[in-house]
Amino acid sequence: MLPEINDRISELIGNAFREAAAQNLLPPVSLPSVELKIPREKGHGDLASNIAMKVASRVKRSPVETAKIIASLIEKRISRKTIISRVEADPRKGFLNFTVTPGAFHDALRHLLRVPGHWGESRAGEGEKVLLEFVSANPTGPLTVAHGRQAAVGDVLANLLAKAGYRVSREYYLNDRGRQMKILGESVYLRWRELRGEEVDLPADYYQGDYIIGLARRILEGGLKPAGRELSELPPEEAIDYCGTFASGALLEMIKKELRDFGVEMETWVSESELVAEGRVTAVLRDLAARGSTYEKDGALWFRSSAYGDEKDRVLRKKNGDLTYISSDIAYHREKYGRGYSEMIDFWGPDHHGYIARLKGAMKALGLNPARLDIIIVQLSTLYEGKKKLSMSTRMGEFISLRQVLDKVGKDAARYFFVRRRKESHLDFDLELARKKTNDNPVYYVQYAHARINSIFKKFRAVTGRPLPDFTKIDLACLSEPAELELIKKLVLFPGVVKTAALTHQNHLIPAYLEELAAIFHSYYNHCRVITDDPDLTAARLALARATQLVISEGLSILGVSAPDSM
RNA sequence: GCGCCUGUAGCUCAGUCGGAUAGAGCAUCUGCCUUCUAAGCAGAGGGUCGCAGGUUCGAAUCCUGCCAGGCGUACCA
């Protein structure tokens, strides 16, 4: 609806400039695209344009003078049919300030009520396929808080892009082979021996967490026997392999459950070991070699990444014959390109940012367009309990897991807090605040508005003994209080916020918008009673409350947060 | 050294393509429940937008240099 209002005003401005040229008031100029902003100050109307300032030098008049000429021409065109009721030239800077008619806002509100659940959708994505890959943690331990934020940020952006008309899928890339998996197997194996009464020495770079002991105990007490043989009868190499396979399988199941409990559903899981088994890694190394992008040095195979923007060349295959992580990652990303996505988005932690150049370089070396691959670095979070900072040492297994955060604050608060700040910003996450049931807590503040509206509906049914009216058939013209028009204006903005957030990957715009909307509603609630003696006014206000509820629940559903009917 | 991110009110942070007197929440102070949920509302105080230049009619925003913090700079992942 707002785009329509924008278009109509742009048209008025364009016509006024042509008219000014025809009457020799201003020289003819080609106009830049008209930008309309919502002024902060209430006295500046509903929408403002800076066009007079933009063209001032070209028309050889001051911005204020230009604005005055244009405003007076537009003013003459104002009638009952136009979307604006007033235009004013700001005498200090040269803004053109427009006041939109209440009728235009009522039309927008009526439209919203006719498309419940679809307000906020757009076709900006034109059905293009987008793949979002996130979390992708090694199955070597529980998900951490860092994974939690990536999961929330990735999942919410996926929801946003879907709203904006993209065909979205979510994917988890499973690093289920290589050095870390071997260490996992050895860690569990050592703990298993320890449980059997042996003295063992767990090297510092092995996995230290208690969950490793838990896995070892499951092997021991469950009497798990690989191929019918006792683990103790196997040669250590085989026993370690078995422990690794068992542990990564169990941990993967745990990760899947954690993600489900966090509200994240991956469409696809891609396994690194399968990519290797299918020969995709050797194939990609061969193709890089064929393109002259590799060379042998010191017994290792190198990728000429410095020729593609990286600061130095990188090893693909180590001296001992093992593949490095980048080799399978190159193969994995080429495989993704082959699936026909117009855009692929990876979410990584900040410790991986040095990796971007070499991966994009590899895509370029393979003749693929690196611009289709967008790597988003999600900054870390520091957890607090009030003022107390919580320890975060992963090495000692002392980290707070995503599971613990979920247990402490619940899915709604966790997801909301993770996306509330720009993903580029380091996040201070106060668990105590997230748990509070007061207005300091933004999640509750927004959810409360939704529940409160529901309670108005309940009251209406109880008092009148009638069901809610059909909101699509209500005369909204009596909504004329400033507080009502302000609320409608905010509702009308929602689709634009969703679109901007999706296209610029700025999830945090949604919580910010919802908090502003909730504030306007709470203020309105204190200012005007919905249920009054006037049945027409009551119906119109119920409709406005319903529209607010629809937008809040749609906004929260983008965040994957529930919209409770009562609190 | 080089690369990426960050620096805005006491604290946590918004600020879209450069636009009007830089905004919000928390914290502090003052009010509002016989009426739809006080998990709410109304109001007050609080600023050298890290520093210095530059571009511009106009800079928190763009450019350059510097300062501070975080992360990275592996034949680990």
Side-chain angles (χ1 to χ4, degrees), chain A residues 32-33 35 37 39-41 43-44 48 50 53-54 56-57 62-63 90 92-95 97 137-138 140 175 178-181 183 205 297-302 311-312 314-326 328-329 349-357 377 379-380 384 387 420-430 433 436-445 447-449 451-460 462-463 496-497 500-501 503-504 506 508-509 511-512 515-516 518-519 521-532 538 541-542 545 566-567:
Chain A
S33 71
E35 302 162 17
K37 285 206 166 185
R40 207 175 13 248
E41 291 287 319
H44 293 150
N50 61 357
M53 289 115 97
K54 281 262 155 77
S57 63
S62 76
D90 147 57
R92 290 178 42 240
K93 293 268 185 173
F95 286 96
N97 294 328
N138 292 346
T140 54
N175 298 126
R179 206 172 100 89
Q180 298 305 319
M181 297 310 303
I183 293 176
D205 59 342
K297 194 182 99 188
D298 304 331
L301 180 70
W302 293 74
E311 55 193 34
K312 58 185 197 181
R314 308 289 172 176
V315 169
L316 293 166
R317 194 178 53 228
K318 302 180 215 173
K319 199 158 42 181
N320 68 6
D322 286 352
L323 295 169
T324 58
Y325 177 75
I326 181 91
S328 44
D329 220 19
D351 52 334
H352 283 62
H353 81 252
Y355 207 78
I356 298 173
I377 299 295
Q379 292 294 326
L380 298 176
Y384 289 83
K387 294 216 155 107
R420 185 156 181 253
R421 300 304 184 200
R422 298 167 64 236
K423 58 189 179 306
E424 294 83 0
S425 290
H426 190 100
L427 177 74
D428 278 352
F429 188 161
D430 182 352
L433 174 64
K436 268 195 194 167
K437 302 200 168 184
T438 65
N439 61 346
D440 324 0
N441 185 341
V443 199
Y444 284 98
Y445 185 78
Q447 288 180 320
Y448 184 61
R452 205 176 214 189
I453 292 168
N454 215 55
S455 128
I456 299 172
F457 295 157
K458 231 166 33 189
K459 182 81 177 182
F460 174 83
V463 167
V497 174
T500 304
L503 298 180
T504 62
Q506 297 185 83
H508 70 281
L509 295 179
E515 286 166 41
E516 286 161 16
F521 175 76
H522 286 310
S523 170
Y524 171 61
Y525 176 90
N526 275 268
H527 193 74
C528 297
R529 291 191 61 79
V530 172
I531 300 166
T532 64
T538 300
R541 287 185 172 173
L542 285 170
S566 70
M567 289 171 72

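Lettering of chains follows the sequences in order, A, B, ..., and the numbering in each one begins at 1.
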Quiz item: For A:Lys312, which contact category applies under a 4.0 Å heavy-atom criterion: base, sugar-phosphate, or nothing?
Solution: sugar-phosphate
Quiz item: Which part of the nucleic acid does A:Ala48 contact within heavy-atom distance under 4.0 Å: base, sugar-phosphate only, or nothing?
Solution: base
Exercise. Mark yes when over 12 heavy atoms from residues, nucleotides or ligands other than A:Lys319 sit less than 6.0 Å from its NZ; otherwise mark no.
Key: no
Exercise. Would you indicate, yes or no, if B:C17 has its OP1 or OP2 atom less than 4.0 angstrom from a side-chain nitrogen or oxygen of A:Lys37?
Key: no
Quiz item: Any stacking of A:Phe95 on B:G19, going by centres under 5.5 angstrom and planes within less than 30 degrees?
Solution: no
Exercise. Pick base, sugar-phosphate or nothing for A:Arg529, based on heavy-atom distances below 4.0 Å to the nucleic acid.
Key: base
Exercise. Measure the NE2-CG distance between A:His352 and A:Asp329 for me, rounded to the nearest 0.5 Å.
Key: 8.5 Å
Exercise. Write down the distance between CG (A:Asp329) and P (B:A77), rounded to a whole number of angstrom.
Key: 11 Å
Pairs: protein N or O with nucleotides 67-72 of chain B N or O, under 3.5 Å:
| residue | atom | partner | partner atom | Å |
| --- | --- | --- | --- | --- |
| B:C71 | O2' | A:Pro350 | O | 3.4 |

Practice problem: Would you mind classifying the nucleic acid contact of A:Glu516 as base, sugar-phosphate or nothing, using non-hydrogen atoms under 4.0 angstrom? | Solution: nothing
Self-check item: Phosphate OP1/OP2 of B:A14: any A:Arg420 side-chain N/O under 4.0 Å
Solution: no
Exercise. Indicate, with a heavy-atom threshold strictly under 4.0 Å, whether A:Lys458 touches base, sugar-phosphate, or nothing.
Key: nothing
Self-check item: NE2/A:His426: more than 12 non-hydrogen atoms of other groups inside 6.0 Å
Solution: yes
Quiz prompt | B:A14 phosphate, OP1 or OP2, under 4.0 Å from A:Ser425 side-chain N/O | solution = yes
Practice problem: Report the distance from atom CG of A:Asp205 to atom P of B:A74, rounded to the nearest whole Å. | Solution: 18 Å
Practice problem: Write down the distance between OH (A:Tyr444) and C1' (B:A38), rounded to a whole number of angstrom. | Solution: 17 Å
Exercise. Determine the contact category for A:Thr140: base if any of its heavy atoms lies under 4.0 Å from a base atom, sugar-phosphate if only primed atoms, P, OP1 or OP2 are that close, otherwise nothing.
Key: nothing
Quiz item: For B:U6, does either OP1 or OP2 sit under 4.0 Å from a side-chain N or O belonging to A:Arg422?
Solution: yes
Exercise. Could you tell me whether A:Asp298 contacts a base, only the sugar-phosphate backbone, or nothing, with contacts defined as non-hydrogen atoms closer than 4.0 Å?
Key: base
Quiz item: Does A:Tyr325 or A:His44 map to a spot on RNA chain B nearer the 5' end, using the closest nucleotide for each?
Solution: A:His44
Quiz item: In terms of base orientation, is B:C17 syn or anti, with the syn window spanning 90° either side of 0?
Solution: syn
Quiz item: Is there a donor-acceptor pair closer than 3.5 Å between any side-chain N or O of A:His44 and the backbone N or O of A:Asp90?
Solution: no
Quiz item: To the nearest angstrom, how far is A:His508 atom NE2 from B:U12 atom C1'?
Solution: 14 Å
Quiz item: Can you find a side chain N or O atom of A:Arg452 that sits less than 4.0 Å from OP1 or OP2 on B:A38?
Solution: yes
Quiz prompt | Interatomic distance, A:Arg529 atom CZ to A:Ile456 atom CD1 [nearest 0.5 angstrom] | solution = 9.0 Å
Exercise. Determine the Euclidean distance between corresponding P atoms of B:G54 and B:G46; express it in Å to zero decimal places.
Key: 31 Å
Exercise. Between A:Asp428 and A:Tyr524, just flag the one whose closest nucleotide in RNA chain B comes earlier from the 5' side.
Key: A:Asp428
Practice problem: Under 3.5 Å for both distances, Watson-Crick or G-U wobble, that's the pair rule; now give the dot-bracket for RNA chain B, with | marking pairs to another strand and [ ] for crossing ones. | Solution: (((((((..((((.....[...)))).(((((.......))))).....(((((..]....))))))))))))....
Self-check item: Distance, P atom - from B:U73 to B:C13, rounded to whole angstrom
Solution: 25 Å
Quiz item: With a non-hydrogen cut-off below 4.0 angstrom, is A:Lys459 in contact with a base, only sugar-phosphate, or nothing?
Solution: sugar-phosphate
Exercise. Name the orientation of the base relative to the sugar in B:C33: syn if the glycosidic angle is within 90° of 0, else anti.
Key: syn
